[in-house]
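First the structure, in the form of structure tokens, and then the observations on it.
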Amino acid sequence: MPSNISNSSGLQRLIAQLAPLLIVSALVFALPVLLNNDFLLNKVARYLVLGILTISLGLSWGFGGILNLGQAMSFGLGSYAMAMALKLKTVPVHTGASGLPDFMVWNNVQHLPWFWEPFRSLSFAIAAGLLVPALVAAGLGWFMFRGRVTGVYVSIITLATMVVINLVIIDQQSYTGGFNGITDLAQLELFGVAFDAYGRATYYLVAGCVLLSLLVAFAFTKSRAGLIVQAIRDHESRVRYFGYDVALYQIFVFALSAAIAGLAGMLYTVVMEFASPTFLGVQLSLSVVVWCAVGGRQSLVGAFLGAVLVAGMQGALSESAAFLETWTLVMGALFVLVVLFLPKGLAGLAQAIWRWVAQRRQAASGAVARGVSQTEGST
């Protein structure tokens, strides 16, 4: 009997934890019904992709305690992987006997480089968009976590690595497009469906990936490995004392976070129709940290909503004539206020309100129960 009660309470707790995730996902899928505008739908899809990127940082920072200031590196690698495949499928811009991309012809490249050849396969490109960021993160994590590098030093190393890769991409203009990035891409086609950047199919592809990312990240946080990662975040020395390979778990969550960021990068290329070195830029990487902090870094749904809301506000303010010159100051002030008064972000505020409501309801029900018992006693 007690085991049945504990199982039932555990199931109820799991459903309660899943409820916000499923509600937000349902709203994301229902949004096209309200937005009968392809341009707005594309804009929202962009914000959703940035939300996926922020989920990935929330996983490593909020649950793993690893503040990665170079999260845009994985995002950019995924973006370029998809762009390379779609560029090779863009027939109008192929010039030369080997079907070279236009920027290679302009830079006097005679043959398609060997590392571009596998990207003729879209399947390879999708796999590379997930695995390359994960492998780069795992390799970087091996050096950092095996060497017991922690805290601000991890942030500096990840930021420096991202800057180096960004500079390499810009410098190798003949093979990457340099400052201009990779443009004039073909539409993504999967299973006979063409994903136009401004079409509903692309929006639903992004929405499906939002749900997938949330579920994968949630499943990991509730798994045995995820619980150990959270224990390492709170008491690393104690977990090491119990014989766990701390570095291995840190490397895994770091790589999983990078793979999710790579998925976001691939989707961003599909939505934006180009890849750019700015996708690996410092500004984007630091913006993701801000979005995650505002939404709540220890809440996957909070991190996602923080990105969508803040990025949406940034877009609206930057396009407004009234805030054209001052929108960065407004966003900076918002971030300062959140850090000072909402250290757990919007998710922490929502949890506090929910606990207050629950306590009020419990107190009210207790008062009613006492009134009933007193009435029964008097009769």
Side-chain angles (χ1 to χ4, degrees), residues 49-50 52-82 84 115 124-169 209 212-213 216-217 219-221 223 225-226 228-230 232-233 236 245-269 275 277 279-282 284-289 291-292 297 300 303:
V49 173
L50 296 176
I52 296 176
L53 175 60
T54 312
I55 290 171
S56 70
L57 180 64
L59 188 62
S60 67
W61 183 26
F63 292 88
I66 304 167
L67 177 54
N68 181 0
L69 290 184
Q71 192 73 359
M73 173 181 65
S74 301
F75 181 78
L77 291 174
S79 174
Y80 269 83
M82 178 59 70
M84 290 166 71
F115 56 88
F124 177 87
I126 293 174
L130 296 172
L131 294 178
V132 170
L135 291 174
V136 170
L140 185 61
W142 189 88
F143 284 103
M144 291 192 301
F145 304 130
R146 289 295 180 191
R148 298 194 181 184
V149 176
T150 58
V152 67
Y153 299 104
V154 172
S155 303
I156 293 172
I157 291 172
T158 52
L159 182 62
T161 304
M162 180 190 67
V163 171
V164 169
I165 293 179
N166 181 282
L167 291 175
V168 169
I169 289 176
C209 289
L212 176 64
S213 301
V216 168
F220 174 76
T221 60
S223 67
I228 293 173
V229 164
Q230 293 172 64
I232 293 171
R233 174 199 64 196
E236 180 178 334
D245 190 339
V246 169
L248 182 63
Y249 286 98
Q250 290 176 319
I251 291 169
F252 183 81
V253 69
F254 197 56
L256 178 60
S257 170
I260 296 175
L263 172 64
M266 289 190 288
L267 292 171
Y268 207 61
T269 291
F279 296 173
L280 297 92
V282 174
L284 175 60
S285 207
L286 296 182
S287 294
V288 177
V289 176
W291 300 336
C292 192
R297 62 188 177 94
L300 297 172

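Reckoned from all heavy atoms, side chains included, excluding hydrogens, waters and symmetry mates.
- The line from CE of Met73 to CD1 of Ile165 is 5.0 Å long, rounded to the nearest 0.5 Å.
- A heavy-atom distance below 4.5 Å is not found between the side chains of Leu280 and Phe75.
- Leu300 contributes atom CG, which lies 11.5 Å from atom OG1 of Thr54 (distance to the nearest 0.5 angstrom).
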Notebook entry, point to check: Would Met266 and Leu77 count as a side-chain contact (heavy atoms from CB on, under 4.5 Å) if you check the C-alpha gap in whole Å, the side-chain angles of each, and the deciding distance to 0.1 Å?
Noted result: CA-CA 8 Å; Met266 289 190 288; Leu77 291 174; over 6 Å; no
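- The CZ atom of Arg297 lies 8.0 Å from the CG atom of Leu67; values are rounded to the nearest 0.5 Å.
- Between Trp61 and Ser155, the closest side-chain pair of non-hydrogen atoms is not below 4.5 Å.
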Practice item. Show your reasoning for whether side-chain contact (heavy atoms from CB on, under 4.5 Å) applies to Leu57 and Ser257. Key: CA-CA 6 Å; Leu57 180 64; Ser257 170; 5.6 Å; no
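- Under the ring pair (Phe, Tyr, Trp, His ring centres under 6.0 Å) criterion, the residue pairs touching residues 245-265 are Phe145-Phe254, Phe220-Phe252, with sequence neighbours excluded.
- Across all non-hydrogen atoms, the minimal contact from Ser79 to Ala275 is OG-CB, 3.5 Å.
- For the pair Gln250 (side chain) and Gly64 (backbone), a donor-acceptor distance under 3.5 Å is absent.
- Ring geometry for Phe279 against Tyr268 counts as perpendicular: the plane angle is over 60°, on a 0 to 90° scale with 30° as the lower cut.
- Rounded to the nearest 0.5 Å, atoms OG (Ser213) and CD1 (Ile52) are 4.5 Å apart.
- Distance check: Ile228 CD1 to Leu248 CG gives 10.0 Å after rounding to the nearest 0.5 Å.
- In plain terms, the two heavy atoms of Thr150 and Glu236 that are nearest each other are CG2-OE1, 4.1 Å.
- Atom CG of Leu135 and atom OG of Ser74 lie 10.5 Å apart (nearest 0.5 Å).
- For the pair Asp245 and Arg146, the tightest heavy-atom approach, listed with the atom from each and the gap, is OD1-NH1, 3.0 Å.
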Item to complete: Test side chain to side chain donor-acceptor pair (under 3.5 Å) on Ser60 and Asn68 and set out the steps.
Response: CA-CA 8 Å; Ser60 67; Asn68 181 0; 5.4 Å; no
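- The main-chain N or O of Ile157 is found under 3.5 Å from a side-chain atom of Thr161 such that the two form a donor-acceptor pair.
- Formation of a donor-acceptor pair under 3.5 Å by the Ser285 side chain with backbone atoms of Leu69 is found in this model.
- Between Leu53 and Ser56 the shortest side-chain heavy-atom distance falls below 4.5 Å.
- Residues Ala138 and Ala255 share a closest heavy-atom pair of CB-CB, 4.3 Å.
- Counted within 6.0 Å of CZ on Arg148, heavy atoms from surrounding residues, nucleotides or ligands total 12 or fewer; the atom is thus considered open.
- Between Ala134 and Ala259, the shortest heavy-atom contact is CB-CB, 4.2 Å.
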*asked:* With side chain to side chain donor-acceptor pair (under 3.5 Å) as the criterion, how do Thr158 and Gln71 come out once you've worked through the C-alpha distance, each side chain's angles and the decisive distance to 0.1 Å?
replied: CA-CA 8 Å; Thr158 52; Gln71 192 73 359; over 6 Å; no
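- The two residues Gly281 and Asn166 have their closest heavy-atom pair at N-ND2, 4.0 Å.
- Checking side-chain atoms of Arg233 against main-chain N and O of Gly62 turns up a donor-acceptor pair under 3.5 Å.
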